[in-house]
**Student:** 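Sharing a structure with you now.
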Amino acid sequence: MGFDYCFACGKDNPHGLHMHFERDGDGVVCHFQTQEHHIGWPNVQHGGITCTLLDEASAYVPFFMGLVTVTAELNISFKKPVHVGERLRVWARPTKVSSRLLVVEAAVEGEDGELKASSTAKMMVLSAEKQKQLGMEGLEAKR
């Protein structure tokens with residue numbers, strides 16, 4: 001199955017979010033359209049979907065840097081509800097980079113720039129040995 005079946009960004013997952021990220025300076029950006037099947041409360045996007053948007057954005061920052069990472073910590077602040085039909089801008093950028101850890105800030109905004117949610121993520125860089133142990137070697141070349 002691989003990355004093409006990823007729930008967040010996989011193009012072949014019929015139930016996925018089909019996110020597509022592009023570089024934006026030293027960060028990343030994606031546009032996302034909220035749909036009815038993303039709801040939690042009536043007409044409001046489920047918070048877990050919002051979390052996924054932020055986590056995926058945070059993961060793409062090190063990916064575009066050529067690093068294989070996993071999310072070690074994700075802290076989210078919900079500011080405003082995301083309503084069905086809204087078009088969103090999801091972005092992320094690094095705030096601290098070391099050989100073992102990246103700290104990434106991310107946000108979900110409405111088309112008008114209104115902040116819907118924000119996060120800070122700690123992305124742990126996996127060594128070649130750890131990638132091999134987890135069956136993740138060579139991922140940067142596969143994606």
Side-chain angles (χ1 to χ4, degrees), residues 1-127 130-131 133-143:
M1 289 199 288
F3 289 115
D4 290 340
Y5 212 74
C6 172
F7 174 72
C9 67
K11 63 182 175 61
D12 294 337
N13 187 332
H15 306 290
L17 300 178
H18 304 282
M19 299 177 76
H20 175 75
F21 285 91
E22 297 178 2
R23 291 179 192 263
D24 184 32
D26 62 348
V28 299
V29 67
C30 170
H31 296 279
F32 181 78
Q33 180 77 43
T34 301
Q35 299 178 27
E36 189 173 354
H37 61 271
H38 299 143
I39 69 169
W41 289 104
N43 199 38
V44 176
Q45 179 174 274
H46 191 285
I49 299 294
T50 303
C51 293
T52 302
L53 298 177
L54 292 164
D55 183 48
E56 192 72 1
S58 297
Y60 262 85
V61 170
F63 171 72
F64 279 145
M65 295 170 74
L67 301 171
V68 177
T69 64
V70 292
T71 306
E73 186 177 304
L74 182 64
N75 293 300
I76 299 170
S77 295
F78 297 95
K79 306 295 186 184
K80 300 274 185 176
V82 175
H83 296 285
V84 171
E86 280 194 78
R87 184 160 167 79
L88 304 171
R89 181 175 181 269
V90 183
W91 61 264
R93 64 176 168 245
T95 59
K96 182 179 178 185
V97 179
S98 72
S99 62
R100 301 226 24 198
L101 189 74
L102 275 79
V103 178
V104 178
E105 69 175 348
V108 173
E109 301 172 341
E111 276 190 299
D112 60 0
E114 181 178 39
L115 182 62
K116 302 291 186 165
S118 62
S119 68
T120 301
K122 291 182 181 177
M123 308 302 294
M124 185 172 61
V125 178
L126 298 180
S127 66
K130 185 55 101 172
Q131 290 177 48
Q133 286 175 355
L134 298 173
M136 299 170 67
E137 64 266 85
L139 290 182
E140 63 279 348
K142 291 181 185 176
R143 216 168 195 194

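All values below come from the heavy atoms of this structure, side chains included, with hydrogens, waters and symmetry mates left out. Not measured: the values here are computed from a predicted model.
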**Student:** Run the salt-bridge test on Glu105 and Arg93 with the 4.0 Å N-O cut-off and return the result as yes or no.
**Tutor:** yes

**Student:** For the atom pair OG (Ser58) and CH2 (Trp91), what is the distance rounded to the nearest 0.5 Å?
**Tutor:** 9.5 Å

**Student:** Could you go through Arg89 and Val29, starting from their C-alpha distance and side-chain angles, then the distance that decides it, and tell me whether this counts as side chain to side chain contact (heavy atoms under 4.5 Å, CB included)?
**Tutor:** CA-CA 7 Å; Arg89 181 175 181 269; Val29 67; 3.7 Å; yes

**Student:** Counting neighbours of NE2 on His18 that are heavy atoms of other residues, nucleotides or ligands and sit closer than 6.0 Å, is the number greater than 12?
**Tutor:** yes

**Student:** Within the structure provided, determine whether Met124 and Lys122 are in side-chain contact (heavy-atom separation under 4.5 Å).
**Tutor:** no

**Student:** Just verifying a value: how many Å separate His37 NE2 and His46 NE2, rounded to the nearest 0.5 Å?
**Tutor:** 13.5 Å

**Student:** Taking atom CZ of Arg87 as the centre, report whether more than 12 heavy atoms of other residues, nucleotides or ligands fall under 6.0 Å from it.
**Tutor:** yes

**Student:** Specify the closest pair of heavy atoms between Glu86 and Pro81, including all atoms of both residues, with the distance to one decimal.
**Tutor:** OE2-O, 3.7 Å

**Student:** How far does OG1 of Thr120 sit from NZ of Lys96, to the nearest 0.5 angstrom?
**Tutor:** 12.5 Å

**Student:** For a 4.5 angstrom cut-off between non-hydrogen side-chain atoms, does Cys30 reach Glu56?
**Tutor:** no

**Student:** Quick one: closest heavy-atom pair of Val61 and Asp26, and the distance?
**Tutor:** CG1-O, 4.4 Å

**Student:** In Å, rounded to the nearest 0.5 Å, how long is the span from CE of Met136 to OG1 of Thr69?
**Tutor:** 8.0 Å

**Student:** Is there side-chain contact between Phe78 and Ser119, with at least one heavy-atom pair below 4.5 Å?
**Tutor:** no

**Student:** Is Gln45 close to Val84 at the side-chain level, that is, under 4.5 Å between some pair of heavy atoms?
**Tutor:** no

**Student:** Specify the closest pair of heavy atoms between Ala92 and Ala106, including all atoms of both residues, with the distance to one decimal.
**Tutor:** CB-CB, 3.8 Å

**Student:** To the nearest 0.5 Å, tell me how far Ile39 CD1 sits from His83 NE2.
**Tutor:** 12.5 Å

**Student:** I need the Leu54 CG to Leu74 CG distance, nearest 0.5 Å.
**Tutor:** 6.5 Å

**Student:** So do Phe21 and Phe64 actually touch side chain to side chain, heavy atoms under 4.5 Å?
**Tutor:** yes

**Student:** Answer yes or no: is there a donor N or O on one side and an acceptor on the other, between the side chain of Gln33 and the main chain of Gly85, under 3.5 Å?
**Tutor:** yes

**Student:** Donor-acceptor pair, distance only, cut-off 3.5 Å: does the side chain of Thr95 make one with the backbone of Val103?
**Tutor:** yes

**Student:** What pair of heavy atoms forms the shortest contact from Leu102 to Pro62, and how long is it?
**Tutor:** CD2-CB, 3.8 Å

**Student:** Looking at Thr52 and Ala8, what are the two nearest heavy atoms and their distance?
**Tutor:** CG2-CB, 4.0 Å

**Student:** Are any non-hydrogen side-chain atoms of Met65 and Val97 less than 4.5 angstrom apart?
**Tutor:** yes

**Student:** Got Lys116 and Lys79 here, is their nearest side-chain heavy-atom distance under 4.5 Å?
**Tutor:** no

**Student:** Any idea which heavy atoms bring Phe32 and His38 closest together, and the distance?
**Tutor:** CZ-CE1, 3.4 Å

